[in-house]
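Numbering of residues begins at 1 and proceeds along the displayed sequence.
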Amino acid sequence: MDKRVRAVLSVLDRDYSGVPDYAGIASQLGVCLTRLEHLFKRDTGKSMRDHLRDRRLEAAAAMLVETNQRVSEIAWAVGYKDVANFNHAFRHMFGVSPSEYRIDRRIEQLLPSAPRSDQA
C-alpha cells in the first residue's frame, strides 16, 4: 500500500468526526487531490469519502452497543450533522435502523451461544 494512502487512512480513522480537508491533506503529501483520490481507490477499493462514511458508521455501531447515548447524540458524535442522513446511511450499511441495531446486539449479548456442531 502506498505510504500516502496509509497517511490518509491514519487521518481519517483518527479524526473521523470532523470534516476532512482532502485538498489540504493532498497538498501536505505532495500530490494533487485527483492523484490522491486515485491512489486511495486503487489501494483500498473505496473512495476517501466512502471510507470515512464507513468508519463513522462502524464507530456509531460500537457506541450504540456500548453506551446508552441517544441515537441523535451518537450521530453528532461521529460527524453527522443531520440525524435523518445518519439513519439512512446506517440502515443502508447494516440493514436495520440504529435503534433496531442496538436492540438486536443487546439481545445477542444476553443469549447464550449456541453449541457448535463440531463440539460433540
Side-chain angles (χ1 to χ4, degrees):
M1 179 177 291
D2 190 284
K3 65 183 177 184
R4 295 165 291 192
V5 172
R6 282 196 306 271
V8 174
L9 284 169
S10 176
V11 169
L12 296 180
D13 290 346
R14 182 181 62 244
D15 300 328
Y16 59 83
S17 65
V19 179
D21 175 12
Y22 294 118
I25 294 168
S27 177
Q28 286 180 335
L29 296 173
V31 294
C32 69
L33 180 55
T34 305
R35 178 69 178 146
L36 185 59
E37 289 171 336
H38 171 78
L39 293 170
F40 194 92
K41 178 88 175 197
R42 181 197 70 195
D43 287 1
T44 67
K46 294 182 190 178
S47 68
M48 292 185 286
R49 182 176 177 218
D50 287 347
H51 176 82
L52 179 61
R53 179 203 60 225
D54 292 352
R55 178 66 183 96
R56 286 175 171 172
L57 293 173
E58 289 164 1
M63 292 172 75
L64 285 165
V65 177
E66 297 166 4
T67 74
N68 289 321
Q69 287 181 283
R70 295 180 6 204
V71 170
S72 58
E73 293 171 339
I74 291 172
W76 297 323
V78 298
Y80 278 85
K81 304 300 180 229
D82 180 20
V83 177
N85 285 342
F86 169 74
N87 287 331
H88 178 77
F90 194 95
R91 182 179 291 277
H92 182 75
M93 183 168 182
F94 292 101
V96 294
S97 72
S99 298
E100 291 169 321
Y101 183 90
R102 173 180 270 163
I103 291 167
D104 291 348
R105 293 309 168 279
R106 288 188 174 171
I107 289 172
E108 287 174 4
Q109 289 176 345
L110 293 173
L111 295 175
S113 302
R116 294 181 5 205
S117 61
D118 63 344
Q119 293 180 340

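- For the atom pair CG of Leu29 and NZ of Lys3, the computed distance is 9.5 Å after rounding to the nearest 0.5 Å.
- Contact of the Met48 side chain with the Ile25 side chain is not registered, since no non-hydrogen atoms from C-beta on lie closer than 4.5 Å.
- The distance from atom CE of Met63 to atom CG of Asn68, rounded to the nearest 0.5 Å, is 11.5 Å.
- Residue pairs meeting the salt bridge (Lys or Arg N to Asp or Glu O under 4.0 Å) criterion with at least one member in residues 101-111, sequence neighbours excluded: Arg105-Glu108.
- Here the closest non-hydrogen pair linking Ala60 and Val78 is N-CG1, 3.9 Å.
- Considering every non-hydrogen atom in both Arg91 and Ser97, the closest pair reads NH2-CB, 3.4 Å.
- The two residues Leu57 and Ala89 make their nearest non-hydrogen contact at CD1-O, 3.6 Å.
- Contact of the Leu52 side chain with the Pro20 side chain is registered, since non-hydrogen atoms from C-beta on lie closer than 4.5 Å.
- Within the 4.5 Å cutoff, side-chain heavy atoms of Asp2 are placed close to those of Arg42.
- A pairwise comparison of heavy atoms in Lys46 and Phe40 identifies O-CD2, 3.1 Å as the closest pair.
- Contact check for Val8 versus Arg4: no side-chain heavy atoms found under the 4.5 Å cut-off.
- With values rounded to the nearest 0.5 angstrom, Leu36 atom CG is found 11.0 Å from Gln28 atom CD.
- With hydrophobic clusters built from ILVMFWY side chains whose heavy atoms lie under 4.5 angstrom apart, Ile74 shares a cluster with Val96.
- Through direct or indirect side-chain contacts shorter than 4.5 Å among Ile, Leu, Val, Met, Phe, Trp and Tyr, Val83 is connected to Trp76.
- Between Glu58 and Met93 the shortest side-chain heavy-atom distance falls below 4.5 Å.
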Could you list the donor-acceptor pairs under 3.5 angstrom formed between side-chain atoms of residues 9-17 and any protein atom two or more places apart in sequence or on another chain?
residue: Ser10; atom: OG; partner: Arg14; partner atom: NH1; Å: 3.3
residue: Asp13; atom: OD1; partner: His51; partner atom: NE2; Å: 2.8

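- Residues passing the side chain to side chain contact (heavy atoms under 4.5 Å, CB included) test with Ser47, sequence neighbours excluded: Arg49, Asp50.
- Residues that satisfy the side chain to side chain contact (heavy atoms under 4.5 Å, CB included) test with Leu110, not counting sequence neighbours, are absent from this structure.
- Here Phe94 pairs with Phe90, Tyr101 under the ring pair (Phe, Tyr, Trp, His ring centres under 6.0 Å) rule; sequence neighbours left out.
- To the nearest 0.5 Å, the span separating CG on Leu33 from OH on Tyr22 amounts to 9.5 Å.
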